[in-house]
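Proteins come first, then strands; the chains are lettered A, B, ... in the order of their sequence lines, and each starts at number 1.
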There are 2 protein chains.
Amino acid sequence: MGRPRGFDEEVVTAAAAELFAGRAYDGVSVDDLVQQLGVHRNSLYKTFGSKRGLYLAALRWHLDHRLPPLTEQLAAGAEVADDPALDLLLLAAVERAPRDVEVAALVTKAWQELDQALQRAPANHTDGTRSTALNALLGERLRARATAATTDPS
Amino acid sequence: MGRPRGFDEEVVTAAAAELFAGRAYDGVSVDDLVQQLGVHRNSLYKTFGSKRGLYLAALRWHLDHRLPPLTEQLAAGAEVADDPALDLLLLAAVERAPRDVEVAALVTKAWQELDQALQRAPANHTDGTRSTALNALLGERLRARATAATTDPS
DNA sequence: AACGGTCAAGAACGATCGTTCCTTTTCTTG
DNA sequence: CAAGAAAAGGAACGATCGTTCTTGACCGTT
C-alpha cells in the first residue's frame, strides 16, 4: 500500500493545539505549522485537508484529551487558573467561534462539560442555576494570560 | 497650511474600535479599514503611523470613552453581559496583550478601573480581596459573544 | 525483482498582507 | 490671484498568505 507515513497523527495534532493556544488563528501560518510540527506541507494537507481542518482537529483533540483531566481537578476543588489548558478554548471562543459555526459548537460543548464539573465542585454547591463559577474561572484565566505572557518566549 | 482633512479623527478611531471589536487584529486588514472607515490609506498612515498605531489609538479611545459609562452601570448594579462594549477589551486581552506590551498595559489599566467599579457595586460589597466579580463578568461576556455571534453579519 | 501506490522535498501558484511612492486635486495663506 | 502645503487618489512595492503541482525517493505487495 505504499510508503508508511513518518509521523504520528496524534502527536502532530497535539503540537498544533499547543501552537494555536499560543497565538490567534490568523497569527499561526502554515509555514509555522510545517516548521514546528516537522511535517511536510503535503502531509498536512493530505491528512487534515486545510489549515482550518488541522485547527478543528487540534481543537477536538484538546477537548477530548486535555479537558477531562481538567474537569477532574475542578470537580476536586483544585485551583487551575495558572494552568494554560484553557488557553486554546479561550482563543477559540473569543476569536474563532463568532466566525466559525463548528468551532462555536465545540466551544459550547466544552463549556457544558466544564460547567457540570464545577457544579460538582465542593466549593460551588451553593451556586444557583447560573454557571458563575465557570465564568469566574474563564475570567481569571483570561487575566492571568494577558498579564503574564508579555515577556515569555512561546 | 494646506488642505484640511476631510474626516474626523475621533469618528474614524471609534469606527476602527468597532471593527477591531468584531474580529481579531490579524483578521482586520488595512484594506478593510480603508473601506469601512472611508479614509484613504495615506491619511490613515499619516495620522496613525501604522496599522498597530491605529489599533492602539482605537483601544485607547475605547478605554477612555466606552468604558467609563460601563463602569457607571456596573457601580449602579446593572447587568451588562449583553453589552458588546467589553468585546474589544476581551479580544485585546486574549490575543494582543500576550504579544504587545502596550496593549497589555492598557488592558491591565482597564481592569483596574472595572474592578474598582465592581467593588462599589451594591451586590458585591461582600466580595473579598479577589476580584471574582470582574472575572465572572468577563467570562459571562465571553460566553455570550461566542454563542450568539455565529450568524450575525458583522 | 519489478510494480504500484504513498510519502517526502521543494518549487510555484495567485491572492492578499502592510506599507510606500507618485501624481493630482484642493485648500489656506500672503 | 498666485504660491505653497497638505490631503486624496491610486498604482505599486516586496513579503507572506493558504494551497497546489511536480519530481523523485521509499516501501509493501506480487
Cationic N near anionic O, under 4.0 Å, A/Asp87 to A/Arg23: no
Residue B/Tyr45, side-chain heavy atoms: nucleotide from C/dT20, C/dC17, D/dG18 that is nearest: C/dT20
query: Counting any heavy atom closer than 4.0 Å, what does B/Asp26 reach on the DNA or RNA strands: base, sugar-phosphate only, or nothing?
result: nothing
- line: B/Asp32 CG to C/dT16 C1', in whole Å, measures 11 Å
query: Which part of the nucleic acid, if any, lies within contact of A/Val34, taking any heavy atom under 4.0 Å across all strands shown: a base, the sugar-phosphate backbone alone, or nothing?
result: nothing
- prompt: Is it true that B/Arg99 and B/Glu95 make a salt bridge, defined as a side-chain N closer than 4.0 Å to a carboxylate O?
  reply: no
Interatomic distance, A/His40 NE2 vs C/dT6 P [rounded to whole Å]: 17 Å
message: Ring of B/Tyr25, cation from B/Lys51 - is the NZ or CZ under 6.0 Å from the centre and inside 45° of the axis?
response: yes
message: Under a 3.5 Å cutoff, is there a donor and acceptor pairing between the side chains of B/Asn135 and B/Thr132?
response: no
Shorter than 3.5 Å, N or O on both sides, protein versus nucleotides 23-27 of chain D: list them out with atom names.
none

field: Minimum-distance nucleotide (side-chain atoms of A/Lys46 versus C/dG18, D/dT19, C/dC7)
entry: C/dC7
field: Qualifying side chain to side chain donor-acceptor pair (under 3.5 Å) pairs with a residue from residues 52-64 of chain B, counting only residues at least two apart or across chains
entry: B/Glu10-B/Trp61, B/Arg52-B/Asp100, B/Arg52-B/Glu102, B/Trp61-B/His65
- request: Can you tell me the distance, in whole Å, between the CG atom of A/Asp31 and the P atom of D/dT19?
  value: 12 Å
- prompt: Start at the 5' end of DNA chain D and walk down; is the nucleotide closest to B/Arg41 or to B/Arg5 reached first?
  reply: B/Arg5
query: If you look at every strand shown and take non-hydrogen atoms under 4.0 Å, does A/Val39 touch a base, only sugar-phosphate, or nothing?
result: nothing
message: Taking the side chain as everything from C-beta on, heavy atoms only, tell me whether B/Val107 gets closer than 4.5 Å to B/Trp111.
response: yes
message: Can you measure B/Leu44 atom CG to D/dA7 atom P for me and round it to whole angstrom units?
response: 12 Å
task: For B/Leu37 and D/dA8, give me the distance from atom CG to atom P, rounded to whole Å.
output: 13 Å
- prompt: Can you find a heavy atom in the side chain of A/Leu114 that is under 4.5 Å from one in the side chain of A/Leu89?
  reply: yes
message: Tell me whether the side-chain N/O atoms of A/Ser29 come closer than 4.0 Å to OP1 or OP2 in D/dC17.
response: yes
